[in-house]
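Here's the structure, in structure tokens; my notes come after.
As a basis for the values below, the full set of heavy atoms in this structure was taken, side chains included, without hydrogen atoms, waters or symmetry mates. Just so you know, ligand 1 is whichever comes first in the structure, and atom 1 is the first atom listed for that ligand.
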Amino acid sequence: MERLAIEGGYPVRGGKIYYGRQWIGEDDIRAVEEVLRSDYITCGPKVDEFEQELARYTGAKYAVAVSNGTAALHCACLAAGIGPGDEVITTPLTFAASANCALYCGARPVFADVDPHTYNIDPASVRAHITNKTKAIVAVDFTGQAVRHEELRAICDEFGLVFIEDAAHAIATKYKGQQVGSLADLTCFSFHPVKTITGGEGGAVTTNDEALYRKLVLAHTHGITHDEAQMQDAPHEGPWCYEQISLGYNYRMTDFQAALLVSQLHKVEHFAARRKQIVSAYNKAFADMPELILQQEIPESDTCRHLYIIRLALDKLTCTRRQFFDAMSAENIQCQVHYVPVYWFPYYQALGYEKGLCPVAEEIYQGIMSIPLYPKMTDQDVEDTIHAVKKVVEAYRK
Ligand SMILES: Cc1ncc(COP(=O)(O)O)c(C=O)c1O
């Protein structure tokens, strides 16, 4: 048996690799440079171009580019008319923003439990949490796998709920052959550097509904319109006139972010193909290891994974998750954990949420860890990661 680096052995590799990172090429740099040399660095043509290209790519009628994924979720909630007294059902196994967006609007996030095999929100649990205050569902495509659209759509139709999809992880994923972004009432994307494409920061909301689109446009730019058809005091006095007709925010994307995103979007299928290759290599390497539980996929989802999660079968290992994590780190494979259940955070505890609300999600959380997955990984990086996982499992096998 190989001696673990954490116990004085040699690490599987020299330099550290991380669970995720961007891939910026010379073409991306040129695209940004061009904008920086142009007349518009914000509110210019590149933002329009990105919105059009994203709409085309996702198959949605409309796309609104915003400053980040959190802003996208906030705008989606505003467009959905979520307000004080409303409840919004979401998953605890997500980044805090998926729930915070309800709080921003004065609504209460309600946590439904997840499926024990896919880790995505369980439609049966969603149904069990519906009350007469429920206004919307924020369903997260966790790790990139599409949620159960058919079941969630049926629930939304039955109870008159708005279906918001948090697709921060899922830009290149399809559900039953249809691109994520064209399925829910409102789909939110994030373009943070660990995501499949990046603008440094960035986000977007897509929709097929014109009324929702108009609300999104207002929400992301102060509630201000220049459109005479929407103005109350039309005909206006002169071309300088605009009106604030609702309360919005400055969530605009800059043109240099948009230029980077147009350039990255052109490569999204290439990035997705490489991610899929790496996921296949991991699945194959770990398939026969009873110490690891692998995330399962529904056949409807053609998934571009943003994260690859291994779940430790802790009853088959002599270590804790923390010891496994530290041992991987010593091998120079820096993992991460996605996610601490949102309602465990002190802020949510102070709001009255108690541990134990979603036992399946909490159980999953105890054993999970995200190992490196990003398209720029070389075959050697992938091999090293597999080597490290196997080495650590072997050292701690019962
Ligand atoms: C599931 C999920 N939703 C929302 C967000 C928020 O996106 P951003 O960081 O772009 O604000 C993230 C980002 O990590 C996320 O993972």
For this output row, return yes or no: ring centroids of Phe142 and His338 closer than 6.0 angstrom. no
Under a plain distance cut-off of 3.5 Å, with no hydrogens placed, do Gln295 and Thr143 share a side-chain donor-acceptor pair? yes
Contact table, ligand 1 N/O with protein N/O, distance under 3.5 Å:
unit_1, atom_1, unit_2, atom_2, d
ligand 1, 3 (N), Asp166, OD1, 3.2
ligand 1, 3 (N), Asp166, OD2, 2.7
ligand 1, 7 (O), Ser190, OG, 3.4
ligand 1, 10 (O), Gly69, N, 2.7
ligand 1, 10 (O), Ser190, OG, 2.8
ligand 1, 11 (O), Gly69, N, 3.3
ligand 1, 11 (O), Thr70, N, 2.9
ligand 1, 11 (O), Thr70, OG1, 2.5
ligand 1, 14 (O), Lys195, NZ, 2.9
ligand 1, 16 (O), His169, NE2, 2.9
ligand 1, 16 (O), Tyr339, OH, 3.1

Run the ring-centre check on Tyr104 versus Tyr249 and record whether the distance is less than 6.0 Å. no
Parallel, tilted or perpendicular: rings of Tyr62 and Tyr213 (30°, 60°): parallel
Between Gln179 and Ser182, does any side-chain donor sit less than 3.5 Å from a side-chain acceptor? no
Could you tell me whether the side chains of Ser329 and Gln334 share a donor-acceptor contact shorter than 3.5 Å? yes
